[in-house]
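In what follows, a single structure is set out as structure tokens and then discussed.
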Amino acid sequence: MPDVINYAIDLRATLKEVYDWTEAPRVGQSIAPDKEIAEVTRDDHGQPASFKTRRGVATYTLHEPPQRWQVEYLWRGYRGAYDVRLESFGEAWTRLTIELNIQAQSFLGRLFGPMTRGRYKRYLKERVDAALAHFKSA
């Protein structure tokens with residue numbers, strides 16, 4: 001059964017500034033912590049195509065910079081589908097929406113589902129708080 005975690009915040013910054021800060025990997029780490037990311041591959045346009053972590057592999061399934069990108073993150077017992085969207089409101093405001101759909105892929109994945117959900121919910125909350133602090137939004 002899928003488990004969806006969703007965060008949406010308004011930041012006092014242009015769409016380009018928010019994209020430059022959140023684009024993963026190795027910049028905003030919106031999918032996985034920077035210290036876990038290795039072997040980043042990029043497409044012909046310089047956008048991330050995939051990366052590996054010690055837990056699994058993430059593949060960009062859609063990358064429409066700077067408005068939206070989707071990442072499929074496969075790790076032992078789980079599949080995570082990230083959807084990151086940026087919407088501009090005027091010249092000075094941008095809404096950042098991060099949605100994570102976690103799906104257990106094994107019996108152990110279902111058994112440890114609440115622990116995994118809690119870990120990723122905390123991580124995404126830390127990223128949202130970091131964005132708020134970085135852009136000093138209310």
Side-chain angles (χ1 to χ4, degrees):
M1 176 173 227
D3 192 355
V4 178
I5 301 168
N6 191 344
Y7 285 104
I9 55 170
D10 293 334
L11 303 168
R12 190 178 302 231
T14 65
L15 188 119
K16 173 92 170 94
E17 292 170 335
V18 176
Y19 176 74
D20 288 343
W21 190 83
T22 58
E23 189 249 357
R26 299 223 181 266
V27 179
Q29 309 135 43
S30 53
I31 309 303
D34 186 39
K35 64 184 177 186
E36 293 184 11
I37 295 174
E39 296 185 43
V40 178
T41 60
R42 297 195 176 261
D43 63 14
D44 296 338
H45 305 289
Q47 303 299 331
S50 68
F51 62 89
K52 292 183 181 180
T53 68
R54 60 186 170 104
R55 295 179 195 265
V57 177
T59 306
Y60 285 74
T61 56
L62 168 73
H63 202 140
E64 295 178 349
Q67 293 85 13
R68 183 175 180 204
W69 59 98
Q70 293 176 331
V71 181
E72 182 179 64
Y73 186 28
L74 301 172
W75 67 98
R76 188 176 175 186
Y78 298 96
R79 175 187 174 273
Y82 283 85
D83 187 14
V84 182
R85 295 181 301 278
L86 299 175
E87 300 172 74
S88 180
F89 296 100
E91 294 180 14
W93 286 93
T94 301
R95 174 168 292 150
L96 167 64
T97 305
I98 301 174
E99 184 175 285
L100 169 59
N101 182 344
I102 300 174
Q103 298 173 356
Q105 301 291 305
S106 68
F107 173 73
L108 287 176
R110 287 189 294 276
L111 185 64
F112 293 109
M115 185 173 63
T116 301
R117 182 186 195 284
R119 179 181 327 133
Y120 281 91
K121 187 172 184 175
R122 275 191 310 276
Y123 178 72
L124 288 179
K125 178 69 170 130
E126 289 171 7
R127 297 313 305 152
V128 166
D129 291 345
L132 288 170
H134 181 78
F135 293 107
K136 296 176 179 51
S137 297

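If you read the sequence from its start, that first residue is 1, and numbering goes on from there.
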Derivation and outcome, side-chain contact (heavy atoms from CB on, under 4.5 Å), residues Phe135 and Val18:
CA-CA 9 Å; Phe135 293 107; Val18 176; 4.1 Å; yes
Does the pair Ile102 and Val4 meet the rule for a side-chain contact (heavy atoms from CB on, under 4.5 Å), with working shown?
CA-CA 6 Å; Ile102 300 174; Val4 178; over 6 Å; no
Quick one: do Arg127 and Asp129 satisfy salt bridge (charged side-chain N to carboxylate O under 4.0 Å, His left out)? Show the steps, please.
CA-CA 5 Å; Arg127 297 313 305 152; Asp129 291 345; over 6 Å; no
Go through the steps for Lys125 and Tyr7 under the test side-chain contact (heavy atoms from CB on, under 4.5 Å), then give the verdict.
CA-CA 8 Å; Lys125 178 69 170 130; Tyr7 285 104; 3.5 Å; yes
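Atom CD of Gln105 sits about 9.0 Å away from atom CZ of Arg110, to the nearest 0.5 Å. To the nearest 0.5 Å, the span separating OG1 on Thr116 from CZ on Arg55 amounts to 8.5 Å. Rounded to the nearest 0.5 Å, atoms CZ (Arg76) and CG (Leu108) are 7.0 Å apart. The distance from the OG1 atom of Thr22 to the CZ atom of Arg85 is 13.0 Å, given to the nearest 0.5 Å. Here the CD1-CG distance, from Ile9 to Leu132, works out to 4.0 Å after rounding to the nearest 0.5 Å. Atom CD1 in Ile5 sits 10.0 Å away from atom OH in Tyr120 (nearest 0.5 Å).
The two residues Ser106 and Gly77 have their closest heavy-atom pair at OG-CA, 3.5 Å. Smallest separation of non-hydrogen atoms from Ala58 and Val71: CB-CG1, 3.7 Å.
Listed by first and then second residue, the salt bridge (Lys or Arg N to Asp or Glu O under 4.0 Å) pairs that reach into residues 112-121 are Asp3-Arg117, sequence neighbours excluded.
No side-chain heavy atom of Ser50 sits less than 4.5 Å from a side-chain heavy atom of Tyr60. Using a 4.5 Å cut-off on side-chain heavy atoms (C-beta onward), Ile98 and Leu96 make contact. Considering only heavy atoms from C-beta on, Gln70 stays 4.5 Å or farther from Tyr82 through its side chain. In this structure the side chain of Asn6 reaches within 4.5 angstrom of the side chain of Thr97, judged on heavy atoms. Residues Glu64 and Leu62 are in side-chain contact: their nearest non-hydrogen atoms beyond the backbone lie under 4.5 Å apart. Residues Pro66 and Lys16 form no side-chain contact, since every pair of their non-hydrogen atoms from C-beta on lies 4.5 Å or further apart. A 4.5 Å side-chain heavy-atom check between Phe51 and Thr41 finds every atom pair outside the cut-off. Looking at Leu86 and Arg95, their side chains never come closer than 4.5 Å, going by heavy atoms from C-beta outward.
At most 12 heavy atoms of other shown residues, nucleotides or ligands fall within 6.0 angstrom of atom CZ in Phe107.
Both Trp75 and Val40 are assigned to one and the same hydrophobic cluster, defined by single-linkage of ILVMFWY side chains at heavy-atom distances under 4.5 Å. Residues Leu111 and Tyr78 share a single hydrophobic cluster, defined by chaining ILVMFWY side chains whose heavy atoms lie under 4.5 Å apart. Hydrophobic clustering of Ile, Leu, Val, Met, Phe, Trp and Tyr side chains at less than 4.5 Å, counting indirect connections, unites Met115 with Leu100.
When the side-chain contact (heavy atoms from CB on, under 4.5 Å) test is applied to Ala81, the partners found at least two apart in sequence or on another chain are Arg79, Asn101.
Side-chain contact, Thr53 with Tyr73: a donor N or O sits under 3.5 Å from an acceptor N or O.
Here the side chain of Thr14 pairs no donor or acceptor atom with the backbone of Ala92 at under 3.5 angstrom. Ser88 places a side-chain N or O within donor-acceptor distance of the main-chain N or O of Gly90, the cut-off being under 3.5 Å.
Two rings, from Trp69 and Tyr19, have their centers less than 6.0 Å apart.
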